[in-house]
Amino acid sequence: MTHSENLESLQTDLFEGIQGLEPASSFGGRPVAPELPVAQVLLETDVPHLDRYFDYLVPLELDESAQIGVRVRVHLGEQKLTGYIRRRIQHTKFMGRLKFIDDVVSPISVVTEDIFDLAERLAERYANVMSNVLRLAVPPRIASVEKTLEKVESLPEVAPPADPENYSHYTGGPEFIEDLGEGAPTRAVLTVLPADDEGSWEDLFAIAIQQTAHQGKSVVAVVPNIKDLDRLYTAVSQRIDQSLIARLTSADKPTDRYRAYLNVKWGNTPVVLGTRSAAYAPVDNLGLVMMWDDGDSNLIEQRAPYCHARDVLLIRATEHRAAALFAGFSMSSETARLVRSRWASFLAAPREVVREHTPRVVDTGSDYQLARDPLAATARIPHLAFETARDGLTRGPVLIQVSRSGYLPALSCQRCRMAARCSECHGPLIIHSQGQVPACGWCGRLASHWQCGECGFDQFRHNVAGAIRTAEELGRAFPNVPVISSSGENVVAKIGDYPALVVATPGAEPVAPRGYAATILLDADSMLQRDSLRAPEVALRKWLNAAALTRSFAEGGQVVITASHSPAVEALKRWDPARFALWELDERAELKLPPAVRTATITGTEKGIIHFLETLNMPAGVTQRGPIEVDDFSDEDRFQALLFFSYAQGDAVTGALRAHRASNAALKMEPVNIKCDGLDIL
């Protein structure tokens, strides 16, 4: 008998011995499930050292309902917790006395094997706990929904798309659609032309979805916000039966969200459209994953494990050999890396097609424009921008993009230029409307008798005007023209095709039926000067998203950007986001900065971080920076350390971080927070 056979025999004897003198079919006088009597349960807890599977006995009366993926209640010590059954096994390796499962919350299985595997992969990648991933994936239970839903036996057939020629604008586009039709795991990054009568981005997505659904496969498509989701849902529902489509978003009511989730789980709706939570949809027979505008920060989870929905889709596409499409008007440095590494092909229109579909872009910081208008370097709305807006209003609506919402969203000291902050909580001081006393943006305290903490001066200056202030100023400059503001919580989705000034923040720009006659991009230099590694990349993405709503140059469309010359501005003028993204990626690779390398940010007290890093067994080649103090304007001193490591080292580093965090928690050491591959390192 081999060593493994001896060990298995010993485990069997131990399990049966745990039953005492009772027969194997019962334990402590309580009948046990005859087959696979041990359930491995993942507890719903974010305690790091409890991030593993715990073995529990399945009582006979719960044998039928205690299946893989169901919610159960169990005891851990004196605590009563909920969890999910991962698997049923015949024998346990636990050497002590097993407890019984207390109860099955619902006989409905809500977690598939694939989602369990995904949770394990993501927890390992992000050095976090599996239950945090399942918290993102599985919506809260609504008992009333479970009583009314049932599995659909047969689904309506989906016809192949009649107009795949919309992809003919793009080099490699027809081949991509053809590969989808053959069920091949083709992967692509697409920079989309501005919307026109021949095909918007949602139409391109709808064609790919229809082609995949025609093959009988499932699709998961993720967008950054509800506005984009509504556009995509409308386009897809015009091509396939609405009964096949599920909308998954945390913005929905709990009842609607849970109903949509169960329909997806049971295979009733193979096409899933949604925001970032839709990336975890428990679809069967996955054929295609899609994402629009992956550079949007809305796609990254703000709570642990801080997953980016793009990474979730990448893992799922790789594990299931599914097709993938990442598209946008711009290209992020992460998708540029997918192209550079040949994980995905690049789909883009030839230069002559780009020129036909894009507006003319002029910057006010060029030598020619500064010679004509020397004040353009300091004026918020230079003469060229003003004249372009006036001319555009004779032909249709004009879009004005501003960087911030509100009235005066940023104040500083008039003498020393230091940021104005609340004397109580150190939050930023802002002015919500004309004539209002400055107030703290965090605690709401009024700053009636404010003095600068640096120089003691008591006068403010505004750093940037918000959307409301800009709308007021333009309303006075164009007294007979309606002014529409779209920002913050007051986002306008669509406007009519009539002369109007539309003042909007990035991401809140309404869609005009025929496009805007002109677009003015204000505050461009301030967007480039943000204290961020990604400032140029983010700024270019926001400019392109706004400029893409403008009519083509052949139709008189023009974009004016109030910025000095820079590579990002040049990329906008040439409408060449791919070249800029690949250049950015090469620059970061030379400097060993993300996404050319991976990162882990460790936050906590200085003592906690130092002890954590000193006792961490890191692989060779990992670069450490810090810890340094970070100013979060709280009463506690917070420190931060950064780790830089290659993709080849990724699993080893994040695995070590995860295991060490768990052991520290078990030893009740000072806790630290770990965030891997954050959107920014600052």
Side-chain angles (χ1 to χ4, degrees), residues 166 192-207 209 221-239 242 245 247 249 251-252 273-275 292-293 296 298 327-330 357-359 388-389 392-403 405 466-468 470-471 474-475 478 480-522 541-552 555-559:
N166 284 359
V192 180
L193 294 169
D196 58 19
D197 295 336
E198 298 180 352
S200 59
W201 70 265
E202 60 265 31
D203 292 326
L204 295 172
F205 269 45
I207 291 170
I209 290 171
V222 179
V223 295
N225 51 57
I226 298 297
K227 185 178 70 171
D228 291 334
L229 179 57
D230 290 339
R231 293 179 62 180
L232 181 58
Y233 183 85
T234 300
V236 175
S237 61
Q238 291 174 352
R239 292 178 174 272
Q242 289 188 12
I245 308 172
R247 284 173 55 118
T249 170
D252 284 344
L273 315 177
T275 50
W292 170 251
D293 197 13
D296 196 306
N298 286 328
F329 295 123
S330 63
H357 288 78
T358 56
T388 301
L393 287 171
T394 63
R395 295 176 282 110
V398 173
L399 174 63
I400 312 290
Q401 186 194 70
V402 296
S403 63
S405 60
I468 298 175
T470 304
L474 292 172
F478 298 92
N480 297 321
V481 177
V483 179
I484 301 170
S485 180
S486 178
S487 64
E489 297 180 354
N490 302 309
V491 176
V492 179
K494 298 179 180 180
I495 63 166
D497 191 24
Y498 53 84
L501 283 169
V502 181
V503 181
T505 51
E509 300 93 348
V511 177
R514 294 179 50 243
Y516 290 97
T519 294
I520 312 298
L521 304 175
L522 299 181
R541 184 186 69 82
K542 293 176 179 179
W543 298 338
L544 285 168
N545 287 353
L549 302 176
T550 314
R551 300 170 188 172
S552 66
E555 298 174 310
Q558 180 162 310
V559 175

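- Remark: Trp292 engages Trp201, Phe329 in a ring pair (Phe, Tyr, Trp, His ring centres under 6.0 Å) (not counting sequence neighbours).
- Residues satisfying the side chain to side chain donor-acceptor pair (under 3.5 Å) criterion with Glu202, sequence neighbours excluded, are Ser200, Arg231.
- A donor and an acceptor atom, one from each side chain of Asp293 and Asn545, are located under 3.5 Å apart.
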Checklist entry - Hey, mind stepping through Leu273 and Val223 against side chain to side chain contact (heavy atoms under 4.5 Å, CB included) and telling me if it holds? => result CA-CA 8 Å; Leu273 315 177; Val223 295; over 6 Å; no

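- Taking each heavy atom of Leu521 and Ala546 in turn, the nearest pair found is CD2-CB, 3.9 Å.
- The minimum heavy-atom distance between Ala548 and Pro194, with the atom names listed, is O-CB, 3.4 Å.
- Separation of atoms CD (Glu509) and OG (Ser487) is listed at 11.0 Å; rounding is to 0.5 Å.
- Every side-chain contact (heavy atoms from CB on, under 4.5 Å) that Ala547 has, sequence neighbours left out, goes to Val559, Leu572, Trp575.
- Scored by the side chain to side chain donor-acceptor pair (under 3.5 Å) test, Thr358 finds no partners at all (sequence neighbours excluded).
- Every residue was checked against the ring pair (Phe, Tyr, Trp, His ring centres under 6.0 Å) condition with Tyr233, not counting sequence neighbours, and none meets it.
- Here Thr249 pairs with Ile226, Leu229, Ala251, Asp252, Thr275 under the side-chain contact (heavy atoms from CB on, under 4.5 Å) rule; sequence neighbours left out.
- Closest approach of Leu549 and Pro510 over heavy atoms only: CD1-O, 3.6 Å.
- Qualifying side-chain contact (heavy atoms from CB on, under 4.5 Å) partners for Gln238, counting only residues two or more places apart in sequence or in other chains: Thr234.
- Between Phe478 and Leu393 the shortest heavy-atom distance is CD2-CD1, 3.8 Å.
- A donor-acceptor pair is defined here as one N or O able to donate and one able to accept, closer than 3.5 Å; no such pair exists between the side chain of Lys542 and the backbone of Ser403.
- Here CD1 of Ile520 is found 11.0 Å from CD of Gln401. Values are rounded to the nearest 0.5 Å.
- Applying the side chain to side chain donor-acceptor pair (under 3.5 Å) test to Arg247 and every residue at least two apart in sequence or in another chain returns Asp230.
- Every residue two or more places apart in sequence or in another chain that forms a side chain to side chain donor-acceptor pair (under 3.5 Å) with Asp296 is listed here: Asn298.
- Separation of atoms OG1 (Thr505) and CD1 (Ile400) is listed at 13.5 Å; rounding is to 0.5 Å.
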Going by atom type alone, with no hydrogens or angles, which donor-acceptor pairs under 3.5 Å involve a side-chain atom of residues 490-502 and a protein atom two or more places apart or on another chain?
| residue | atom | partner | partner atom | Å |
| --- | --- | --- | --- | --- |
| Asp497 | OD1 | Arg551 | NH2 | 3.4 |
| Asp497 | OD2 | Arg514 | NH1 | 3.3 |

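- Here the closest non-hydrogen pair linking Gly392 and Ala517 is O-CB, 3.4 Å.
- Rounded to the nearest 0.5 angstrom, Ile245 CD1 and Leu232 CG are separated by 8.5 Å.
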